[in-house]
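Note on naming: letters A, B, ... go to the chains in the order of the sequence lines (proteins, then strands), and numbering restarts at 1 for each one.
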Protein chains: 2
Amino acid sequence: MTEAQETRERILEVAQRLFAERGLEATSVRDITSEAGCNVAAVNYHFGGKESLYVEAFRAMLGPLRDQRMAMIDELMARAPAPTLEEYLARFAEGFLEPLADESLGRRFMLFVSREITDQKLPTGLFLDEFIRPLITRAVSSLDRVGVPMTPEQSFYCIFSLIGQLLHAVKGQHMSEQLERTGAASFDLGGFIEHFVRFSAAGIRACALGAPIPETVLTGRES
Amino acid sequence: MTEAQETRERILEVAQRLFAERGLEATSVRDITSEAGCNVAAVNYHFGGKESLYVEAFRAMLGPLRDQRMAMIDELMARAPAPTLEEYLARFAEGFLEPLADESLGRRFMLFVSREITDQKLPTGLFLDEFIRPLITRAVSSLDRVGVPMTPEQSFYCIFSLIGQLLHAVKGQHMSEQLERTGAASFDLGGFIEHFVRFSAAGIRACALGAPIPETVLTGRES
DNA sequence: GACAGAGTCAAACGGATGTTTCATATTGCC
DNA sequence: GGCAATATGAAACATCCGTTTGACTCTGTC
């Protein structure tokens, strides 16, 4: 149990890191086993193949991180004084982006997610059913309780806008070293979160009002 | 010139489609040549290698589409009555998402872009310097002329939010068949553009006002 | 007709990949 | 100790990959 399963855990750890960093096809079994300090056959012995290892590496992160995010939302919703929309968005962004700061499980998972959205490698349904859909459902229902009631369709589009911005920030940070190396505006995570909260709060409130687009009903709005 | 260069064009056309759809590593030279109806050696003869073909396939789309987008922005900015923010955003979204509707060059290019943001395969600088940066620069400067003056940093973050939402929409549509196949809310492009305009117009105006958000909100701590 | 060059093709090359085989070592149990 | 199950390792296996080779066909020129 001790020595034997340790190899399995070591492979899983290295696989999570390399798959997240380089993707499925750019990571060879030999890359993993050489870093894990074991034989190539160990992957097939413990996991049954490269593809199964990829799924297992994803699964091992999926449950804990999804539940952690949901718990964060639930905790926020259960507060005695209902949180403001700004509070809600700030926590939403932090829960999304905070793991990216350090070399953590959360960072790896977000890179996985980012990759999986671009092109799907996991079995159909796993990613969508066990992560995306529960999270969207929870997020949509939670929007109703921060003072901006909407139709389900409006909520869905708003969540879509939030996640789009945050996923782009994931990559923006990943590209930041190149951006700032060439002298352009550098990407500051704290600054972006502040922007995200202000931008999205106004956007959500505008959608809740439900005014048709051409009208300039928002021109005189104050913060 | 006729028969000879036709093979080159056929390879380039198939390469654009397959690279956009599957990515660089998931597309083999033999996949391309078999669909193009020629020998594997033709790729190396006409393009010098797989990687060069990838770059060439991207370059062949880059110039026209970038210029088209910039021309669209310029045309909008040159109007006698300055466009409203809503008009500006609607055109911005259409220019971004319209190519996705059909099987066009624009669609392939956006899939390329989407892929390249996730993990870079093109030579450093090509993608960033010849597409991203010019577009951001143009977009940032154009924001000043629709009645919402901001600091460069504010503009940059706002453009970031816009592009994040739109790129996510690119993938959202790509995943839409799966989403609606499982009975969830389907992704409607027209509906999303309408939402995008309302959401983003309010967000941009809120950022232009520039009221700072209380620190206690961002950190989640009580004062 | 002879020649040169461009373009195409089947075939093979060298390398990397995921996987399997089989021998060996270790462990737990009687 | 004996033994079966578990785990590991070196090597081989079967593909697939991008690329190269060399022969072949065509075309235009002299």
Side-chain angles (χ1 to χ4, degrees), chain A residues 1-60 112 115-116 119-124 126, chain B residues 1-60 112 115-116 119-124 126:
Chain A
M1 178 69 92
T2 55
E3 195 82 16
Q5 297 292 73
E6 265 179 13
T7 304
R8 195 192 134 95
E9 290 305 309
R10 238 168 34 236
I11 291 175
L12 199 61
E13 201 278 337
V14 174
Q16 283 178 346
R17 178 159 48 85
L18 295 190
F19 281 148
E21 218 70 55
R22 313 177 191 173
L24 171 64
E25 300 175 276
T27 307
S28 72
V29 174
R30 286 171 176 81
D31 289 340
I32 296 171
T33 54
S34 78
E35 281 208 33
C38 64
N39 194 267
V40 282
V43 164
N44 296 282
Y45 178 79
H46 285 285
F47 297 94
K50 182 188 182 182
E51 207 114 344
S52 303
L53 172 60
Y54 184 80
V55 175
E56 185 61 26
F58 183 79
R59 269 196 185 281
F112 253 95
R115 243 172 242 290
E116 193 64 20
D119 45 15
Q120 179 180 345
K121 306 289 185 183
L122 293 168
T124 306
L126 198 165
Chain B
M1 177 66 96
T2 55
E3 193 85 15
Q5 296 291 73
E6 265 179 16
T7 304
R8 194 191 135 96
E9 290 306 309
R10 237 166 36 236
I11 291 175
L12 198 60
E13 201 278 336
V14 174
Q16 283 177 346
R17 178 160 47 86
L18 295 189
F19 282 148
E21 218 69 56
R22 313 178 190 172
L24 172 63
E25 300 176 278
T27 306
S28 73
V29 174
R30 285 171 176 82
D31 288 340
I32 297 171
T33 53
S34 79
E35 281 208 33
C38 65
N39 193 266
V40 283
V43 164
N44 296 282
Y45 178 80
H46 285 286
F47 297 94
K50 181 186 182 182
E51 207 115 343
S52 303
L53 172 59
Y54 184 81
V55 174
E56 185 61 26
F58 183 79
R59 269 197 185 281
F112 252 95
R115 241 172 245 288
E116 194 65 19
D119 45 13
Q120 180 181 345
K121 306 288 185 185
L122 293 167
T124 306
L126 197 164

dT6(D) OP1/OP2 closer than 4.0 Å to side-chain N/O of His46(A)
no

Tell me if a side-chain donor or acceptor on Arg8(B) pairs with a main-chain N or O of Ala42(B) at a distance below 3.5 Å.
no

Could you give the CD-to-P distance, from Glu6(B) to dT27(D), as a whole number of Å?
13 Å

Over how many whole Å does the gap from Arg30(B) atom CZ to dA12(C) atom P extend?
13 Å

Taking only residues two or more places apart in sequence, or in another chain, which ones meet Glu35(B) in a side-chain contact (heavy atoms from CB on, under 4.5 Å)?
Val14(B), Arg17(B), Leu18(B), Arg22(B)

Nearest-Å distance, CD1 (Ile11(B)) to C1' (dG18(D))?
14 Å

Can you tell me if the side-chain N/O atoms of Thr7(A) get under 4.0 Å from OP1 or OP2 in dT8(D)?
yes

Between dG18(C) atom C1' and Glu25(A) atom CD, what is the distance in whole Å?
13 Å

Starting at CZ of Phe47(A) and ending at C1' of dT20(C), how long is that distance when rounded to a whole Å?
18 Å

Report which part of the nucleic acid Ala41(B) touches: base, sugar-phosphate, or nothing (heavy-atom distance under 4.0 Å, all strands).
base

Between the main-chain N or O of Thr27(A) and the side-chain N or O of Lys50(A), is there a donor-acceptor pair closer than 3.5 Å?
yes

In whole angstrom, give the distance that lies between atom CG of Leu24(A) and atom P of dT17(C).
13 Å

dT25(D) C1' sits how many Å from Asn39(B) CG, rounded?
14 Å

Would you indicate which nucleotide in dG18(C), dG7(C), dT8(D) comes nearest to any side-chain atom of Tyr45(A)?
dT8(D)

In whole angstroms, the gap separating C1' of dG18(D) from CG of Asp31(B) amounts to 13 Å

Taking Arg30(B) for its side chain and Val40(B) for its backbone only, find out whether a donor-acceptor pair lies under 3.5 Å.
no

Identified side-chain contact (heavy atoms from CB on, under 4.5 Å) partner of Lys121(A) from the options Glu116(A), Glu51(A), Arg115(A):
Glu116(A)

When all nucleic acid strands are considered with a 4.0 Å heavy-atom cut-off, which category describes Thr27(B): base, sugar-phosphate, or nothing?
sugar-phosphate

Side chain of Lys50(A), heavy atoms from C-beta onward: which of dT17(C), dT19(D), dT20(C) has the nearest atom to it?
dT17(C)

Any base atoms under 4.0 Å from Val43(A), or only sugar-phosphate, or nothing? Heavy atoms, all strands.
nothing

Taking OP1 and OP2 of dC17(D), is either one under 4.0 Å from a side-chain nitrogen or oxygen of Ser28(B)?
yes

